[in-house]
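Single-structure report; data block below.
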Amino acid sequence: MRFELVVIGTSLGGLAAIKVLLEGLSDPFPMSIAIVQHRHKESSHAMSHFMQQHTSLPVHEAEDKDELLPGHIYFAPADYHLLVEPNQLALSVDEPVCFARPSIDVLFESAADTYRERTIGIILTGANHDGANGLARIKACGGLAIVQEPATAEMEVMPKAALAATAVDAILPLSDIAPYLVNLSSLVRS
């Protein structure tokens, strides 16, 4: 199976979790990565700069119509939904979903609709159910669904909601998610 896109969703405790995940990814990495981290609508672009310190992969604050490049990491900007279109990203100021903009569900559902079985969805720590429906859509479209083991999450509400919404492919401790992706990426390259 050839995966092209990894989408990651997280909320409370997510910065520390994303840092661990990104530190474990190897360069080159053959898939694009798009991330929604819930954050205050007035937060700065500092997140992408901070995360760049923890990976050799290029990290970007997503902009409308950014081309999705393999091995690049794109963060949803504050107060914008991040959507996936064929080979590019789009930004939206539509109403919040699950009280969040950016919303994990919006990212995941657009990724599933666009990349279908070539999508990997990952739900990490968080304090609400955003992302559960989106991960279910990824799975329904033939993609791969991964959830952080709730016991390893700073806040287990989001992983548990995702597990309740769909039969996932893997439930992994945070420290095992990056090695799992690296292993999958070796299959992509072969």
Side-chain angles (χ1 to χ4, degrees), residues 1 3-25 29 31-39 47 51 54-55 59 62 73-76 80-84 89 96-185:
M1 182 174 289
F3 296 108
E4 293 182 30
L5 176 65
V6 177
V7 288
I8 301 170
T10 188
S11 184
L12 187 63
L15 289 179
I18 292 169
K19 183 180 136 214
V20 169
L21 197 154
L22 294 184
E23 286 174 341
L25 296 179
F29 189 76
M31 296 173 268
S32 304
I33 301 171
I35 301 173
V36 164
Q37 158 71 57
H38 289 167
R39 55 183 165 155
M47 186 183 329
M51 288 301 172
H54 301 284
T55 181
V59 178
I73 300 163
Y74 303 88
F75 277 91
Y80 286 90
H81 291 306
L82 181 61
L83 296 97
V84 174
L89 297 168
V97 175
C98 295
F99 309 103
R101 188 174 61 208
S103 163
I104 300 164
D105 278 332
V106 169
L107 171 63
F108 280 28
E109 290 169 4
S110 67
D113 292 345
T114 305
Y115 281 84
R116 309 204 54 82
E117 72 280 355
R118 297 168 293 154
T119 307
I120 299 171
I122 302 172
I123 293 290
L124 301 176
T125 181
N128 71 13
H129 65 277
D130 188 21
N133 292 336
L135 192 66
R137 174 89 61 90
I138 289 170
K139 183 69 177 167
C141 289
L144 197 68
I146 301 169
V147 173
Q148 180 181 358
E149 166 59 54
T152 70
E154 183 174 324
M155 183 58 70
E156 61 187 24
V157 175
M158 191 174 285
K160 283 185 171 181
L163 292 172
T166 193
V168 302
D169 296 287
I171 304 167
L172 300 170
L174 177 61
S175 60
D176 290 354
I177 295 174
Y180 188 86
L181 290 175
V182 170
N183 184 52
L184 284 175
S185 72

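Atom CG of L184 is separated from atom CZ of F3 by 6.0 Å, given to the nearest 0.5 angstrom. Rounded to the nearest 0.5 Å, atoms CD (E4) and OG1 (T114) are 11.5 Å apart. Annotation: the span from T55 atom OG1 to I73 atom CD1 amounts to 4.5 Å, rounded to 0.5 Å. T10 contributes atom OG1, which lies 8.0 Å from atom CD1 of I123 (distance to the nearest 0.5 angstrom). To the nearest 0.5 Å, the span separating CD1 on I8 from CD on Q37 amounts to 11.0 Å. Rounded to the nearest 0.5 Å, atoms CD1 (I120) and CG (L181) are 5.5 Å apart.
Residues L25 and L22 meet the side-chain proximity criterion, which asks for heavy atoms closer than 4.5 Å. Residues H38 and N128 form a side-chain contact, since some pair of their non-hydrogen atoms from C-beta on lies under 4.5 Å apart. M31 places a side-chain heavy atom less than 4.5 Å from the side chain of S185. For the pair Y180/L144, a side-chain contact is recorded, criterion being any heavy-atom separation below 4.5 Å from C-beta on. Looking at heavy atoms from C-beta onward, R137 lies out of side-chain contact with T166 at the 4.5 angstrom threshold. The side-chain heavy atoms of I138 and V7, taken from C-beta on, include a pair separated by under 4.5 Å. Counting heavy atoms from C-beta outward, L82 and V106 have side chains that stay 4.5 Å or more apart.
Taking both residues in full, the closest heavy atoms of A17 and L124 are given as CB-CD1, 4.1 Å, listed atom of the first, atom of the second, then distance. Contact record, E149 with P173: CB-N, 3.8 Å, taken as the closest heavy-atom pair. When all heavy atoms of A111 and L5 are compared, the closest pair comes out as CB-CD2, 3.8 Å. The minimum heavy-atom distance linking A127 with S11 is given by the pair N-CB, 4.1 Å. Taking both residues in full, the closest heavy atoms of V36 and A76 are given as CG2-CB, 3.8 Å, listed atom of the first, atom of the second, then distance. Residue F108 comes nearest to G9 through the heavy atom pair CZ-N, 3.6 Å, listed as atom of the first residue, atom of the second, then distance.
Every pair tested for salt bridge (Lys or Arg N to Asp or Glu O under 4.0 Å) that includes a residue from residues 6-18 fails, sequence neighbours excluded, so the list is empty. Listed by first and then second residue, the salt bridge (Lys or Arg N to Asp or Glu O under 4.0 Å) pairs involving residues 121-134 amount to none (not counting sequence neighbours).
Side-chain N or O atoms of Q148 include one that pairs as donor or acceptor with a backbone N or O of T152 at under 3.5 Å. In this structure, the side chain of H81 engages the main chain of S103 through a donor-acceptor pair within 3.5 Å. Checking side-chain atoms of D105 against main-chain N and O of G134 turns up a donor-acceptor pair under 3.5 Å. No donor-acceptor pair under 3.5 Å is formed between the side chain of T125 and the backbone N or O of A153.
E109 pairs by the side-chain hydrogen bond (donor to acceptor under 3.5 Å, both in side chains) definition with nothing, not counting sequence neighbours. With sequence neighbours left out, T119 forms a side-chain hydrogen bond (donor to acceptor under 3.5 Å, both in side chains) with no residue at all. Partners of D176 by salt bridge (Lys or Arg N to Asp or Glu O under 4.0 Å), not counting sequence neighbours: none found. Residues satisfying the side chain to side chain contact (heavy atoms under 4.5 Å, CB included) test with Y80, not counting sequence neighbours, are P77, L91, V93.
No more than 12 heavy atoms of other residues, nucleotides or ligands shown are found within 6.0 angstrom of NE2 on H129.
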